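In what follows, a structure is listed as structure tokens, so that the remarks can point back to it.
Source: prediction; values computed, not measured. Reminder, nothing fancy here: chain letters follow the sequence lines and each chain counts from 1.
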Protein chains: 2
Amino acid sequence: MGSNDTKSGESQVARTIRPYRVTSFDVAAEAGVSQSTVSRALAGDPVVSEATRLRVAEAARRLNYHVDENAARLRTGKTGTLAVVLICRPGENRKDVNPFYFSLLGSICAAASNRGHETLVSFQDTTENLSGMYQEQRKADGVIVIGTTENREAWAYFQEIAGSGANIVCWGAPWDDLPWVRSDNAEGTRLAVRHLIDKGYRQIACIASETSPQRQFKERYEAYVTCMEDAGLQPHLVPIEKGLPRDEQGRRAMAALAQSGQAFDAVFAVCDEIALGVLEEMHARAIRVPQDVGLIGFDGLRAGAHVTPSLSSVEPDFQAAGSILVEKLLAMIGGKPDETRRAPVRLIERGSTQR
Amino acid sequence: MGSNDTKSGESQVARTIRPYRVTSFDVAAEAGVSQSTVSRALAGDPVVSEATRLRVAEAARRLNYHVDENAARLRTGKTGTLAVVLICRPGENRKDVNPFYFSLLGSICAAASNRGHETLVSFQDTTENLSGMYQEQRKADGVIVIGTTENREAWAYFQEIAGSGANIVCWGAPWDDLPWVRSDNAEGTRLAVRHLIDKGYRQIACIASETSPQRQFKERYEAYVTCMEDAGLQPHLVPIEKGLPRDEQGRRAMAALAQSGQAFDAVFAVCDEIALGVLEEMHARAIRVPQDVGLIGFDGLRAGAHVTPSLSSVEPDFQAAGSILVEKLLAMIGGKPDETRRAPVRLIERGSTQR
DNA sequence: AGAGGTACTACAAACGATTGCAGGAGAATC
DNA sequence: GATTCTCCTGCAATCGTTTGTAGTACCTCT
């Protein structure tokens, strides 16, 4: 049964031996139809009759046949695959990657899967192996880029291929020539600052970076200034030092703030990793949280739930973020623009702001 | 320039229009050789002369040619891709996935990349879309499965395809019919328990599960019993409740231990997520750590570094774990067995055991 | 100069699907 | 019964590689 002689015929020219594989020709023979009908039936083409479709489906099931995606892709030119690249700091251990990106990665995979696409994931800390990896080799229909902005070189590659027409969307988007999706930073910051004010904090410092390419941080800082001014309060920036791990940046900024002599009764850190460092430094300096000083972060990291006191934060809707990225990319691939670019956020009230 | 008429010739039968794409025929024309020589040259076949090879490479670069992986895969039958499946609890938010698995995922991707393979990542909380996804459709050469053991159905699918000869390796491996890789739990537990003993703790309770399919937990518990007995100490099991989030399991087990009246001066939790819950419960009960009670976990979670006191733990070498998984799978695909199956571990001494 | 190597290169057949077009079997109409 | 439709199915080309085999050019040696 099921010899695919319809295809190979008599021409048994020394072919590479290979484990036998069930093809659509076998299914055709089994179902008593032609190979093209099998293809159409399985693709759900309405032109094949229901009866035939069922017969083919049954035969396929019986032979345990599955479409060879590679052949289908070769023919159609579509891969049904999205590449997801997570950019790390050079030499960074996988374990030290900001968990925020992992959560985002998870929801991107989920969203892609819901839309019937696979996800080809890679971690990039170096620019090796990047050249021509994605669309050029037809491995994916488009690319989603997420991860740290502190790896200029890796991003440069994506700016380049985006410039030459590749389908690419990224999270955070440090550079204007890349289509981006970000958290609703203005709203998130407003929630955080208003929450602090509601709790009675007034001298709220902000640990942030004005100069970093991290547009998200910049947006949050600017929104912070606006909120403070609207409330008739004085904004106070504590800048972070470049190139250090985020928690270390938090520790140092907190130390700088404490030593500056500047009065403060609350701290808004532009991301949770920084906030965790801040909290450690506060403990080291015997600053009582939330009694003496309130603290709130941004990103909704899981780790924030376990520290003492637990860390209040603003959490982007990961699920939404993932699907916005995927939808935007698919829209781009389809040739029609999609202007959604902000992921909704919500406030997580935890211990560090409850006085 | 570069019309691929060598191939399509005169037979311009109504073909689907499609964006033009540079093929090896174009490169052949550009370099003045045949298409097959282009293929061989680019593949580094030693049979083509160095001079020709360079000429071809140059032509390819000039035309910005890249091998179409789909065509290559169709022809060779190899995908150069490994599927990685992360099994979640049903309905679990991507954000709540144990970060341990994310770290592992990261190093698997890195290891695969080092061996020249792509990684097709998917998250599974349901068994939908699973049927025939992997080898049958030729999307990947093999599958690595990691994730929670508390999703019996998802694992069942992999047991089934493993049974029918699919190349598959998994982490933790709750069921014997799946080839597995695990942490060196015996050594890790020995490090943890000996560390507690060295610090002067004697009444060491173990929060674990004897019955869970999680073989890793079981191995750790058994090693704990051995270590305790070797040291002439009395082992004491505090069982976890099934089906709850890990941190909640930790909280409850700790509450149960405290209420049991059983004396204890240290706790060994079989994973960090549980340990974090234990720590919270200890705080809630005003148990001073590490003065009154010592605490150590397992897995080396990043979050453990930020809690107060910071959590001592045993960390598997993620990088090693990832490459062992990948090597084992590649060996399996290649048809030769690889017997390595234990990832090395190291002790992380942090605050929760420093008295 | 002719024979026998050596070292490349070209030809053409797969790989397994999708899909435009032509053709065939019935049913309906005259 | 012949003709026209309507549905469906089959033929065959095509996607862009890899690779077995055949062939050509150039050397070397006698």
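- Tested against N64(A), the residues R61(A), R62(A), H66(A) include a single side chain to side chain contact (heavy atoms under 4.5 Å, CB included) partner, H66(A).
- The base of dC11(C) sits within donor-acceptor range of the side chain of S36(B), with an N or O pair under 3.5 Å.
- Taking atom CZ on R53(B) and atom C1' on dA7(C), their separation rounds to 16 Å, with Å as the unit.
- Taking 4.0 angstrom as the limit, T37(A) places none of its side-chain polar atoms (N or O) nearer than this to OP1 or OP2 of dT9(D).
- Rounded to an integer number of Å, the gap from CD of E50(A) to C1' of dC7(D) is 15 Å.
- The side chain of S34(B) approaches dT9(C) more closely than any other nucleotide in the set dT9(C), dG16(C), dT18(C).
- Counting heavy atoms from C-beta on, the side chains of I108(B) and W171(B) never come closer than 4.5 Å.
- With respect to E327(B) and R115(B), a salt bridge is recorded, a charged nitrogen being found less than 4.0 Å from a carboxylate O.
- One interatomic measurement links the two molecules: NZ of K139(B) to C1' of dG16(C), which rounds to 16 Å at whole-angstrom precision.
- Here the P atom of nucleotide dT17(D) and the CZ atom of R73(A) are 16 Å apart, to the nearest Å.
- Across all strands, E69(B) comes closer than 4.0 Å to no nucleic acid atom at all (heavy-atom distances).
- Rounded to whole angstrom, the span from the CG atom of L63(A) across to the P atom of dG16(C) amounts to 15 Å.
- Taking atom NZ on K78(A) and atom C1' on dA17(C), their separation rounds to 17 Å, with Å as the unit.
- Taking OG1 of T79(B) as the reference point, atom CD1 of I333(B) lies at 7.5 Å (rounded to 0.5 Å).
- Phosphate proximity of dT18(D) to T76(B): absent, as no side-chain N or O sits under 4.0 Å from OP1 or OP2.
- Side-chain proximity of T52(A) to dG20(D), dT9(D), dT18(D): nearest is dT9(D).
- Taking for each of V47(B) and S39(A) the nucleotide of DNA chain C with the nearest heavy atom, the 5'-most of the two is the partner of V47(B).
- Applying the 3.5 Å distance criterion, the base of dG16(C) shares no donor-acceptor pair with the side chain of R75(B).
- Note on T23(B): every side-chain N or O is 4.0 Å or more away from OP1 and OP2 of dG16(D).
- Distance CD1/I161(B) to CG/N167(B): 9.5 Å, rounded to 0.5 Å.
- When the P atom of dG16(D) is taken as reference, atom CD of Q35(B) falls 11 Å away, rounded to whole Å.
- When the C1' atom of dT18(C) is taken as reference, atom CZ of F25(A) falls 11 Å away, rounded to whole Å.
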